[in-house]
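Working notes for the structure below.
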Amino acid sequence: MKGKKLISLTLAALLPLALLCAFTGPRQGETADSAGQQDNSTDSAAEQQKEDEEGDDMKEKSLQGAARESEDSGILRIARQGVFSAGGTVTEPVEGEYDPVLGWTDPKRAGNTAHVDHANVFYQIPDEDNGHPIVYLHGHGQSRVCWQFTPDGREGWSDLFLKMGHAAFLVDQPRRGAAGAATELPQGAMDVFEGTNKYKAGDQAMYTHFRIGRVPPERYEGSQFPEGEQVLDQFFREMTPNTGDFNGAACMQAMGAVMEEVREMTGNKSIYITHSQGGMIGWATPAANIAAIIAIEPGGVPQTGSPQYKALLNAKIPIAIYFGDYIDNGPQELASTGIWKTMRDNARAFAEQFNADGGDCTVFNLPDEGITGNSHFMFQELNNAEIACHIEAWLRARGLAD
């Protein structure tokens with residue numbers, strides 16, 4: 001059986017993700033509980049083992065046949081790509097009259113305006129577009145690049161879902177990354193700066209807080225976070241500060257504009273994948289152009305009965321919330337362990353009430369799904385394709401995937 005598993009894993013690496021996902025993840029109408037319920041009353045242990053082996057053989061043959069028929073199907077074909085900005089404001093002119101003779105040399109910039117607080121979006125539309133675009137919103141300290149690659153050089157979720165037919169719209173939120181134009185430069189009030197020109201250190205604190213390990217470079221037992229000094233360097237170098245104080249209202253306004261632009265471009269509402277701090281923006285983004293929300297370890301959930309809660313409920317937006325590992329089994333003396341338990345418990349309470357009110361919300365605790373070893377950055381870890389398949393199955397069950 002060990003040899004068969006090695007063959008299947010090799011084939012899985014060659015297969016297009018959309019095909020591989022057909023063999024993994026929860027299927028429509030199947031839950032973690034129902035999937036495990038089988039009538040074993042008439043089967044002996046030996047008969048059950050024989051059936052399992054026959055099933056493995058059938059799956060392996062199916063994978064082999066699919067690999068032969070799809071030698072080049074792992075190629076990512078992009079029909080269209082580009083960049084646009086959305087939302088934001090234009091500042092009032094600086095006092096005085098603009099002098100084109102002085103132009104850039106005028107230190108006061110009299111009469112000049114500035115376009116600020118918009119979002120910047122890089123998009124790719126696949127050749128075989130399934131009509132269900134995904135808008136990706138990063139969390140605190142990150143930019144859109146977190147979805148595009150993994151620290152060890154593998155494909156990120158944007159590529160994985162593109163291969164499944166989902167157009168990708170990757171956002172840098174206002175005052176972050178390529179959307180750096182801010183109303184005011186930081187004056188020491190930001191949590192990522194000390195004063196106006198010194199970046200605030202935090203590599204070790206982030207590593208611990210987001211459950212990669214206790215202290216870098218050590219990782220928790222069974223961790224899916226890729227290993228190695230160069231990998232860790234790449235991960236930490238993804239982090240980028242805001243260019244102005246975080247402004248939730250500006251982010252909400254800009255993301256609403258992004259959703260409108262995506263619907264105009266594609267003709268469809270968007271699946272909205274958010275992460276961490278981005279989850280809070282996600283709940284507040286105008287719901288009219290959102291098809292579903294997938295929140296990866298959001299920094300909180302809407303309060304029951306709040307305007308955000310009611311908007312999501314009235315728009316009939318299905319919601320999936322994902323949490324990784326090392327929450328129940330994390331070091332109990334660490335402050336972060338208790339924080340993430342509270343976050344997950346609050347999400348579960350939200351889902352229970354949301355569903356009781358007629359909504360559709362599922363909280364997936366990945367260890368309960370048989371997926372272990374994940375930190376806060378599950379979309380960049382060794383099993384990111386497995387989790388993408390799990391999400392695709394949830395989307396398929398709601399008519400949002402092929």
Side-chain angles (χ1 to χ4, degrees), residues 137-147 149-152 156 172-173 175-177 180 186-248 251 274-281 295-301 322-347 366 372-382 384:
L137 181 59
H138 56 77
H140 170 78
Q142 293 197 303
S143 68
R144 60 174 168 242
V145 300
C146 69
W147 307 106
F149 75 103
T150 67
D152 56 334
D172 278 351
Q173 74 181 31
R175 308 182 180 187
R176 186 83 56 82
Q187 298 297 323
M190 286 182 56
D191 60 353
V192 294
F193 278 94
E194 295 172 347
T196 59
N197 61 359
K198 186 178 180 181
Y199 192 73
K200 186 176 181 180
D203 289 351
Q204 288 74 17
M206 182 180 68
Y207 192 93
T208 302
H209 183 71
F210 293 126
R211 311 190 317 280
I212 300 170
R214 186 182 180 89
V215 178
E218 71 179 50
R219 302 176 305 155
Y220 290 130
E221 183 178 357
S223 172
Q224 295 283 355
F225 193 87
E227 188 173 13
E229 183 178 350
Q230 291 184 343
V231 168
L232 200 54
D233 285 343
Q234 288 296 322
F235 173 72
F236 284 135
R237 287 167 181 162
E238 288 178 37
M239 305 304 153
T240 185
N242 284 347
T243 56
D245 294 336
F246 175 76
N247 187 316
C251 291
T274 66
H275 177 231
S276 195
Q277 183 188 67
M280 301 303 294
I281 300 169
I296 307 301
E297 296 205 354
V301 289
Y322 279 79
F323 285 92
D325 208 343
Y326 312 113
I327 297 177
D328 294 314
N329 55 341
Q332 297 303 300
E333 70 276 14
L334 299 183
S336 57
T337 302
I339 290 170
W340 286 108
K341 281 183 179 178
T342 299
M343 293 282 196
R344 191 192 56 192
D345 289 347
N346 289 344
L366 286 180
T372 59
N374 289 109
S375 75
H376 189 60
F377 302 97
M378 61 184 72
F379 45 88
Q380 290 194 308
E381 297 185 312
L382 297 174
N384 67 337

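Numbers here are sequence positions counted from 1.
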When you measure from the side chain of Thr274 to the backbone N and O of Leu137, does any donor-acceptor pair fall under 3.5 Å?
no
Minimum side-chain heavy-atom gap Tyr220-Ser375 below 4.5 Å:
no
Does a side-chain heavy-atom distance below 4.5 Å link Met239 with Asp203?
no
Beyond-backbone contact of Met343 with Glu297, side-chain heavy atoms, under 4.5 angstrom:
no
Heavy-atom distance under 4.5 Å between the side chains of Pro151 and Glu238, does that happen here?
yes
Given Leu334 and Trp340, is the side-chain contact (heavy atoms from CB on, under 4.5 Å) satisfied, shown in steps?
CA-CA 11 Å; Leu334 299 183; Trp340 286 108; over 6 Å; no
How long is the straight-line distance from CD of Gln380 back to CD of Gln224, given to the nearest 0.5 Å?
14.0 Å
Begin with the C-alpha distance, continue with both residues' side-chain angles, and end with the deciding distance and a verdict on side-chain contact (heavy atoms from CB on, under 4.5 Å) for His209 and Ile339.
CA-CA 9 Å; His209 183 71; Ile339 290 170; 3.8 Å; yes
N/O donor-acceptor pair under 3.5 Å between Glu381 side chain and Pro226 backbone
no
Out of the candidates Asp325, Ile327, Asn374, only one should pair with Arg211 under the side chain to side chain contact (heavy atoms under 4.5 Å, CB included) rule; please name it.
Ile327
Any idea which heavy atoms bring Phe323 and Ala347 closest together, and the distance?
CE1-CB, 3.7 Å
Glu333 meets the salt bridge (charged side-chain N to carboxylate O under 4.0 Å, His left out) criterion, sequence neighbours left out, with Arg214
Separation of Asn384 CG from Met378 CE (nearest 0.5 Å)
11.0 Å
All side-chain contact (heavy atoms from CB on, under 4.5 Å) counterparts of Asn247, not counting sequence neighbours
Arg175, Ala249, Ala250
Using modelled atom types only, decide if a donor and an acceptor are shared between the side chain of Tyr326 and the backbone of Glu221 within a distance under 3.5 Å.
yes
Main chain of Gly202, side chain of Gln204: is a donor-acceptor contact present, judged purely on distance under 3.5 Å?
no
Decide side-chain contact (heavy atoms from CB on, under 4.5 Å) for Phe225 and Leu232; before the verdict, give the C-alpha distance in whole Å, the side-chain angles of both, and the deciding distance to 0.1 Å.
CA-CA 9 Å; Phe225 193 87; Leu232 200 54; 4.0 Å; yes
Closest approach of Gln332 to Asp328 (non-hydrogen atoms, all atoms of both residues):
NE2-O, 3.7 Å
Of Trp147, Phe235, Tyr207, which is the lone residue that meets ring pair (Phe, Tyr, Trp, His ring centres under 6.0 Å) with Phe377?
Phe235
The single option from His376, His140, His138 passing ring pair (Phe, Tyr, Trp, His ring centres under 6.0 Å) against His275:
His376
Does the pair Ile212 and Met206 meet the rule for a side-chain contact (heavy atoms from CB on, under 4.5 Å), with working shown?
CA-CA 9 Å; Ile212 300 170; Met206 182 180 68; over 6 Å; no
Considering only heavy atoms from C-beta outward, does the side chain of Glu229 approach that of Pro217 to under 4.5 Å?
no
Heavy-atom count check: over 12 atoms from other residues, nucleotides or ligands less than 6.0 Å from Gln230 CD?
no
All salt bridge (charged side-chain N to carboxylate O under 4.0 Å, His left out) counterparts of Arg176, not counting sequence neighbours
none
4.5 Å side-chain heavy-atom contact, Phe246 and Ile281:
yes
